[in-house]
Amino acid sequence: MTNFIEILIRGVMLGSLYALVGMGLTLVWGVVGIVNIAHGEFVMLGAYLAFWSFSLLHLNPLLSVVLAIPVFFFAGTMIHKRITERLTKAPELSALILTFGMSILIWNLAQFFWTNTYRSVPYLTGSFPFFGLVFAKSKTVSFFLAIGITAALFAFLKYSRLGKGIRATSQNPEVALVCGINTIKMRAVTFGMGIGLAGAAGAIVSLQWVIFPQMGASYVSKAFAIVVLGGLGNIQGALAGGLIIGVLESLVTQYWSAKMAQIIPSMTILLILLLRPTGLFKR
Amino acid sequence: MKDLIGGHKTWLGIAILMAFLTLIPFFATDYWMTLLVLILIFTVYASGWNLFSGLTGYTNFGLAWFIGVSGYVSSLLIADHKFFWLFAWPIGALFVGIVSIGVGYILLRIKGVYFAISMVALTEGTRELIGTEYLEPITHGGKGVPFVAGISLSALYWSVLLLAFITVIICYKITSSKFGLRLMAIREDEQAAETMGIHTTRDKIIAFALSAFLTGLAGAIHFTYQNYIDPSFGFTIHLTLTPIVMTLFGGVGTVFGPAIGATLFTFIHEILWAELTILYMAIFGAILIALILFFPQGLLGWMKERGILPRIRKI
Amino acid sequence: MKKEDKKGLSRRDFLKGTVIGTAALGMGGFAGKTVFAQAKAPIKIGVAISLTGAWAREGELEAGGYKLWGKVINERGCTFGEVEKLGCPGPGLLGRQVEFVVYDDKSDPSEAIKLIRKLVVSDKVDLILGPYGSAVSNAIAPLAEDYKIPIITPLANAPVIWEGKKREWFVGVLPAAWRNLFGCLQIGKEKGVKTAAFIYSDTAFPIGATRPLVARAKEMGIQVVLDEAYPKETADWEPMMSKAWSQKPDLIIGGGYLPDSIGLVKAAKAVNATPKMFGFLVGPAISDFAKSLKGDATYVTGETFWEPFVKTPGNLDFYSAYLKEYKSEPSYHAAAGFAAGQILERAAKEVNNIEDKKALRDKLYSIKTTTIFGEYEVNPLGHPDSGWQVGKATNLIQWQKAEGKRLLPNQVAIEGMVKQIVFPSGVKTADVIFPFPGWGK
């Protein structure tokens, strides 16, 4: 039984990280209307940011998480203004192909500059006992960071003027425009926030996993599952979806097999789309 | 529809090209033949994708699923059950064609970008399923299936040339048929098409299964050529994306666009980028971005608009 | 809206960027190729190898080994160790400069097939050295038979390539997969372990290496509490390691490649797994492993095919030449690549030309030699598994603390640790530290 509880909690911790990645994706998708396949690459860049500031500047990786948010936010808004804003009226396929192009452009450049060497940040490694259970230090800290960022995001969207504008743009861009909301700016800000979340998630990931240029791909399928599970553009849904995927992965690996656990994201997508073929977003 | 591809002169040109291509093995080197084999395989992939997605507007992001399933069935038949390649290929293709009738019936109710994602999920899920302990006794799991089909390069070349020819003909016939017009009606407005009495579900499924069969046949040949299949090669996202990019290059929804795209794309890659190994993918990515931003109607479409190529009436 | 457009990236800007990028790349591409001054007609050696994609790192290191061999032979006429005894007649192999034609197979077997054909037919290369990995090697092996051109493949050892295939033009350099990590079981048995858990990547090489080990463990009376392959796409190994450790086994054995090994050690520490011994396939022997894990790598054992300090003939010279050329430590990939060159060198010198491909091939199948990488001997022609390397033994290494130890030549301390060979006893450089003392000890 202790084993079960331990594995359950580890799943929750894993899920909080997935949720962070998924929330960025769902925000951009829901508000901007762009399916960003390059989302995982920004996670990778966030991980490298933490790695390089740790190894070159001896910066605490937890500070990198805080640093990553503005840096990636700014980069995200710039990318949106220069490139992806043009796609908001183009067919969906265009955005898929363009962001796919962006994805391979980014990882290949990362490979070119930083080589394929596998890296990791040896900080907060190891475990600590907690009432007879054992938890990883890095995962526990990541969990609280992820929860903190999520709470800040909720508060921002709910109470700030900008956040309200974003929600209005997401619900009905035409009406929002008529009401005097600068929807172009809102979309750029949202895109920036999505990328900022990915960067922060990446900086957190750097504590736990191996860093290499093509690492982003492993998060994309899970992030898609989370978005579909939680509902398009639904932040609360993405949080719940991330936790569900994390817990399932942990439990299925333990009590069934790692290969079956790997199938969960794709099966989730198929199952949900079959039950709700027109999509999940309730407008 | 006669002026669709330019009338008799075009057909004469095609006949000459075909005769030339048929005779290639008698004078070309193995390298050129290999290059042509790949071009032709990708022509079928791209045309197969275009046949369904270009006409119906349903973006199929699971082309690799057609290729991988058929590739696996045929490779396993050749490797473990000693089937002759000529019989193994159509069995693999028929298998994926028939299965995709069922898959299409279920998944084609899903619309827009969700359909694209569901096809990606299907591809990923199948890839992982093949590796699981339950299917491993049949599929050999992650170890992969190495095999030698004992087919000569010339035979391989002629097979795939014939397939590519048939595929392009089918695409032409369909685009200029009532069936093709019905598919395009689905693309423009599915609900309106249904109201007008078009049996949209049936037509979509037929196009989907036909696309699966043709692509699957090329996939079976592809893995025979490669002597090897494993889950990550069989279902890699590149098998989906490269043909889509080729189609975008040549022009979506056109008859010869995919073939021209595949040819141009492979040649440019081969000639220009053999040297630029390290940043090859970055350039590929930059081209994709440029294509979408600046030439959304395809390179050929753009050239036609600018008057560099003769204008042909759009479908 | 208009203002917005102006700010956006214009087509011209984009093209300009791309053109400049492409030009810069062109130079990068050429710099990557080894081109030597030509006196006589050079010997052209073709290489289609992974420089991008899944095996880019390994392929790059292997190609580095090839190029170093080419450079040394172009300068001296011979390389190091046993081949040196055949004489050093001055620059070049048989008096001709060695020139490489290198293409990137993008870690894609389909691409590799095309490139091998291109090398043989268009570039008219004289000889071919192999790609990285079992998957690509297996795909191109039939081409060696088709073109009757011998191929030496240094870094492929999946049984499917040779088992019962009667290959006549395709020889290997790595020891067979089923010999890997046997040291872990042997040491464990001697120290009286009772249980073992096997967790490994679901790809050809780890399966080929681990499954026979599981069978052997059972034969030796060690109870196998877990035998599970995890998906190749795994990014977080904690659930898997937690599952293995929930059985509290004495040995945790498996892994796959470098990221697996790093991830598994991180996960083991994160769930506080403390078995008596950890043994992983590829990874622990590579210096990146210790550089990235730092102190946590201590006491982990792993399979090694080669070490800078093993006493193979010419190894010290190879090490210093590599260090001078690339300013970094060679890995076993580079050593295997270099060794493939040496095997070719020996065969070519004994036949005394490279035009007679059949004589060269016969020589490759019959010589027994020792390179800087170790013994080379393949199953002879006519054997059902002909071409399969059978001469080379494998070793087990363990990372141990460097302080207070006298280092062998070329044995470098990384992050305060050194690699020690702990098995087999004939070549060991230190006693194994057993059981695992715990994290941070």
Side-chain angles (χ1 to χ4, degrees), chain A residues 29 33-35 37-38 82-84 86-87 90-112 115 213-214 217 220-221 224-225 227-228 232 256-274 276-281, chain B residues 53-54 57-61 103 106-136 141-142 187 231 237-238 240-241 244-245 247-248 252 278-294 296:
Chain A
W29 193 346
I34 285 173
V35 185
I37 295 184
R82 297 221 130 211
I83 299 170
T84 45
R86 299 181 182 204
L87 292 175
E92 281 152 340
L93 175 65
S94 306
L96 287 180
I97 303 274
L98 183 130
T99 54
F100 175 73
M102 210 147 78
S103 147
I104 54 180
L105 177 73
I106 293 172
W107 72 246
N108 197 200
L109 286 176
Q111 190 179 42
F112 182 73
T115 74
Q214 290 186 54
V220 174
S221 66
F224 272 105
V227 173
V228 173
L232 182 51
W256 197 352
S257 79
K259 287 184 193 165
M260 293 314 289
Q262 189 76 12
I263 299 188
I264 293 171
S266 34
M267 286 303 140
T268 313
I269 295 177
L270 282 178
L271 206 68
I272 291 179
L273 287 179
L274 286 180
R276 299 285 309 270
T278 47
L280 288 153
F281 193 29
Chain B
S53 295
Y58 275 73
T59 303
N60 178 5
F61 256 38
V103 167
I106 300 168
L107 290 187
L108 283 171
R109 292 182 295 160
I110 306 171
K111 297 208 165 50
V113 82
Y114 287 108
F115 172 71
I117 290 171
S118 73
M119 285 304 290
V120 173
L122 180 70
T123 314
E124 291 276 300
T126 310
R127 175 175 57 98
E128 285 144 8
L129 204 64
I130 280 176
T132 55
E133 49 275 41
Y134 306 107
L135 281 181
E136 202 187 315
R187 178 178 68 190
I237 189 83
H238 291 281
T240 296
L241 288 160
I244 295 181
V245 174
T247 313
L248 286 176
V252 180
I278 300 166
L279 274 169
Y280 165 75
M281 289 307 276
I283 296 172
F284 187 78
I287 288 177
L288 283 187
I289 297 173
L291 264 177
I292 295 295
L293 288 183
F294 309 127

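Throughout, protein chains are lettered first and strands after them, A, B, ... in sequence-line order, and every chain is numbered starting at 1.
With rounding to the nearest 0.5 Å, the separation of CH2 in A:Trp256 from OG1 in B:Thr132 is 9.0 Å. Atom CD of residue B:Glu128 and atom CD1 of residue A:Ile264 lie 10.0 Å apart, to the nearest 0.5 angstrom. We find the CD1-OG1 distance between A:Ile263 and B:Thr126 to be 9.0 Å, quoted to the nearest 0.5 Å.
In terms of heavy-atom pairs under 4.5 angstrom with chain B, the leader among A:Ile97, A:Thr99, A:Ile269 is A:Ile97. If you tally non-hydrogen atom pairs under 4.5 Å between each of A:Leu96, A:Leu87, A:Val35 and chain B, the highest count goes to A:Leu96. The most heavy-atom pairs under 4.5 Å with chain B, out of A:Ser94, A:Ala258, A:Ala95, come from A:Ser94. Chosen from B:Thr59, B:Leu122, B:Leu241, B:Val245, the residue pairing most often with chain A at heavy-atom distances under 4.5 Å is B:Leu241.
Nearest approach of B:Ala121 to A:Ser266, heavy atoms of both residues: O-CB, 3.3 Å. Residues B:Arg109 and A:Leu274 share a closest heavy-atom pair of NH2-O, 4.0 Å. Nearest heavy atoms, A:Ser257 versus B:Glu133: OG-OE2, 2.8 Å. Nearest heavy atoms, A:Lys259 versus B:Gly131: NZ-O, 2.8 Å.
Side-chain atoms of A:Trp29 and B:Val113, non-hydrogen and from C-beta on, do get closer than 4.5 Å to each other. Between B:Val120 and A:Phe224 there is no side-chain heavy-atom pair separated by less than 4.5 Å.
Contacts of A:Leu271 with chain B are absent, with no heavy-atom separation under 4.5 Å from either backbone or side chain. Within the 4.5 angstrom heavy-atom criterion, only side-chain atoms of B:Tyr134, from C-beta onward, approach chain A.
Listed by chain and number, the residues in a salt bridge (charged side-chain N to carboxylate O under 4.0 Å, His left out) with B:Glu124 are B:Arg127 (sequence neighbours excluded). Qualifying side chain to side chain donor-acceptor pair (under 3.5 Å) partners for A:Ser103, counting only residues two or more places apart in sequence or in other chains: A:Glu41.
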Take B:Leu107 and A:Leu270 through the test side chain to side chain contact (heavy atoms under 4.5 Å, CB included) and record every step on the way to the result.
CA-CA 9 Å; B:Leu107 290 187; A:Leu270 282 178; 4.1 Å; yes
